[in-house]
Amino acid sequence: AIIAMSGGVDSSVAALLIKKSGFECIGATMKLFSNENINISREKSCCSLSDVEDAKSVCLKLDIPHYVFNFSDKFDECVINKFVSAYLTGSTPNPCIECNRSLKFDKMILRMKELGFDYVVTGHYVQVEKNNNGRYLLKKAKDLSKDQSYVLYMLSQEQLKHTLFPLGSLLKSEVREIAEQNSFVNSAKHDSQDICFVPDGKYSDFIEKYTGISSKPGNFISKDGHIFGTHKGISHYTIGQRKGLGISYSSPLYVTDIKMDTNEVVLGTEADLYTDSLIADNVNLISIDAIEKPMRIKAKVRYRHSEQPATVTSLPDGKIYVKFDEPQRAITKGQAVVMYDGDVVVGGGTIIKAGVK
């Protein structure tokens, strides 16, 4: 097994558990970018030298080889460029999903096969189960507060077949305890919260530095065309945003739409944020081959969203239409909609339109 090791406590404990299970293991840390190339501090991202050293330290303790795989070209092409392009066209992407899709599973499993190994192991909090029909199911973790099934909805049957998630049946507190008992150097290390290549959360600043292009100001408008003032450029805003608008008004205003063609940001009330339907493309199904008729599910439209009852229908062009029982707040183009049947992931896709009838 190849253990994908970020230098964090989760992947370190995953390595320990797999080694104890009798697997022949190597640890592999992915180098995704050079911090200096994107103007961030060396110690502020998952690709810092300290993270590599932490992973190496754990591998030394476990007596397994440690390697660094350089996937920086692929990361730039598939993650950073798509992230920047999405923001510049009025979408709000989830780069962790794209990184999982293109790097952690696609490239890592390819490397696994090249080296003659059988599995890739990660520290994600999910569970995999094979049903009676031989189909692999992706299921929520035991620790629902750490469940990461939302960001793994794109996994294929082939990828699920070759991936192990040893933390899926554990609580985070138990993982920390295992790390402490084994005196891992990173046992008390904080979990990463931000996008790894934008650790300060200032997405628009990153985009300007990365592209060398300044944001183009435009108008804040109401849904009926009234001009409220001037915005700083559409990459500064996302649906549902209230802070940082710089607009004084008699009641709170929120970003309700971003009009790419006219470079306008639409503002409205809290009530204007609620819609009960969406269309998604780039659909990946896990628990079933196809949605042959309208199907009752629960769905979530962002990582921290609580899943809500809905009906999903397959469209002729391969997209899906999701109609919620109740309107949902700030359904956002570029985010993922992920569908569940109990604790099993049905599948998901990328939201391209909200509020469709």
Side-chain angles (χ1 to χ4, degrees), residues 38-40 44 80-98 150 193-280 300-306 308 324 326-337 350-356:
I38 56 175
N39 300 307
I40 64 174
K44 283 190 175 181
I80 297 184
N81 284 345
K82 287 186 177 181
F83 172 86
V84 170
S85 176
Y87 263 103
L88 292 178
T89 53
S91 294
T92 303
N94 187 322
C96 296
I97 290 175
E98 197 56 51
Y150 175 85
Q193 298 293 331
D194 298 306
I195 294 173
C196 63
F197 56 92
V198 196
D200 59 6
K202 297 179 180 178
Y203 305 149
S204 55
D205 289 353
F206 169 82
I207 291 168
E208 288 193 10
K209 288 179 181 177
Y210 185 77
T211 62
I213 301 171
S214 298
S215 298
K216 182 182 176 182
N219 288 329
F220 280 125
I221 63 169
S222 68
K223 59 185 176 183
D224 58 5
H226 169 75
I227 296 176
F228 289 112
T230 303
H231 67 69
K232 296 182 290 185
I234 60 174
S235 65
H236 289 261
Y237 308 98
T238 187
I239 304 300
Q241 181 175 334
R242 178 184 173 186
K243 294 182 178 179
L245 302 180
I247 298 294
S248 181
Y249 198 65
S250 57
S251 59
L253 293 174
Y254 301 82
V255 175
T256 61
D257 195 11
I258 296 173
K259 293 182 175 293
M260 181 61 201
D261 54 343
T262 57
N263 193 34
E264 293 173 314
V265 175
V266 183
L267 304 181
T269 65
E270 169 86 6
D272 292 329
L273 291 173
Y274 285 82
T275 50
D276 66 359
S277 58
L278 62 86
I279 291 176
K300 56 195 298 184
V301 296
R302 53 189 164 274
Y303 185 56
R304 295 299 179 190
H305 182 230
S306 60
Q308 298 295 318
F324 289 93
E326 301 290 338
Q328 303 300 307
R329 188 182 189 278
I331 298 176
T332 305
K333 186 172 75 168
Q335 290 287 292
V337 56
T350 305
I351 299 168
I352 59 171
K353 191 173 183 181
V356 286

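Bear in mind the structure is a predicted one, so any value in this text is a computation, not a measurement.
- Remark: the backbone N or O of V337 is not paired with any side-chain donor or acceptor of Y150 at under 3.5 angstrom.
- With sequence neighbours left out, D261 forms a side-chain hydrogen bond (donor to acceptor under 3.5 Å, both in side chains) with no residue at all.
- The two residues I207 and S235 come nearest to each other via the heavy atoms CD1-CB, 4.2 Å.
- Note that the CD1 atom of I331 and the CD1 atom of I279 stand 11.5 Å from one another [nearest 0.5 Å].
- Residues forming a side-chain hydrogen bond (donor to acceptor under 3.5 Å, both in side chains) with E208 (at least two apart in sequence, or on another chain): S215.
- M260 contributes atom CE, which lies 9.0 Å from atom NZ of K333 (distance to the nearest 0.5 angstrom).
- Under a 3.5 Å cut-off, the side chain of S91 and the backbone N or O of P93 do not form any donor-acceptor pair.
- To the nearest 0.5 Å, atoms OG1 (T211) and CG (L88) are separated by 6.5 Å.
- Residues passing the side-chain hydrogen bond (donor to acceptor under 3.5 Å, both in side chains) test with T262 are E264, sequence neighbours excluded.
- Looking only at distances, a side-chain donor or acceptor of N94 sits under 3.5 Å from a matching main-chain atom of C96.
- Here I227 contributes atom CD1 and L267 contributes atom CG; the two are 12.0 Å apart, rounded to the nearest 0.5 Å.
- P327 pairs by the side chain to side chain contact (heavy atoms under 4.5 Å, CB included) definition with Y274, D276, not counting sequence neighbours.
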Step by step, work out the side-chain hydrogen bond (donor to acceptor under 3.5 Å, both in side chains) result for H305 and Q328. CA-CA 10 Å; H305 182 230; Q328 303 300 307; 3.0 Å; yes
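- Contact between T238 and V255 at its shortest, heavy atoms only, is O-CB, 3.4 Å.
- Within the structure, every pair that satisfies the ring-ring contact (aromatic ring centres under 6.0 Å, His included) test and touches residues 238-265, not counting sequence neighbours, is listed here: F228-Y249.
- Contact record, I97 with A336: CD1-CB, 3.6 Å, taken as the closest heavy-atom pair.
- The CD1 atom of I234 lies 12.0 Å from the OG atom of S204; values are rounded to the nearest 0.5 Å.
- Under the rule for a side-chain hydrogen bond (donor to acceptor under 3.5 Å, both in side chains), T275 has no partner lying at least two apart in sequence or in another chain.
- In this view, F220 and H231, Y237 satisfy the ring-ring contact (aromatic ring centres under 6.0 Å, His included) rule, not counting sequence neighbours.
- With sequence neighbours excluded, the residues that form a side chain to side chain contact (heavy atoms under 4.5 Å, CB included) with P95 are V79, F83, I195, F197.
- Counting only residues at least two apart or in different chains, salt bridge (Lys or Arg N to Asp or Glu O under 4.0 Å) contacts with residues 227-246 are absent.
- Pairs passing the salt bridge (Lys or Arg N to Asp or Glu O under 4.0 Å) check and including a residue from residues 213-223, sequence neighbours excluded, read K223-D272.
- Residues passing the salt bridge (charged side-chain N to carboxylate O under 4.0 Å, His left out) test with D205, sequence neighbours excluded: none.
- Note on residues 81-94: pairs passing salt bridge (Lys or Arg N to Asp or Glu O under 4.0 Å), not counting sequence neighbours, are K82-E98.
- Interatomic distance, NZ of K209 versus NZ of K202, reported as 8.0 Å (0.5 Å rounding).
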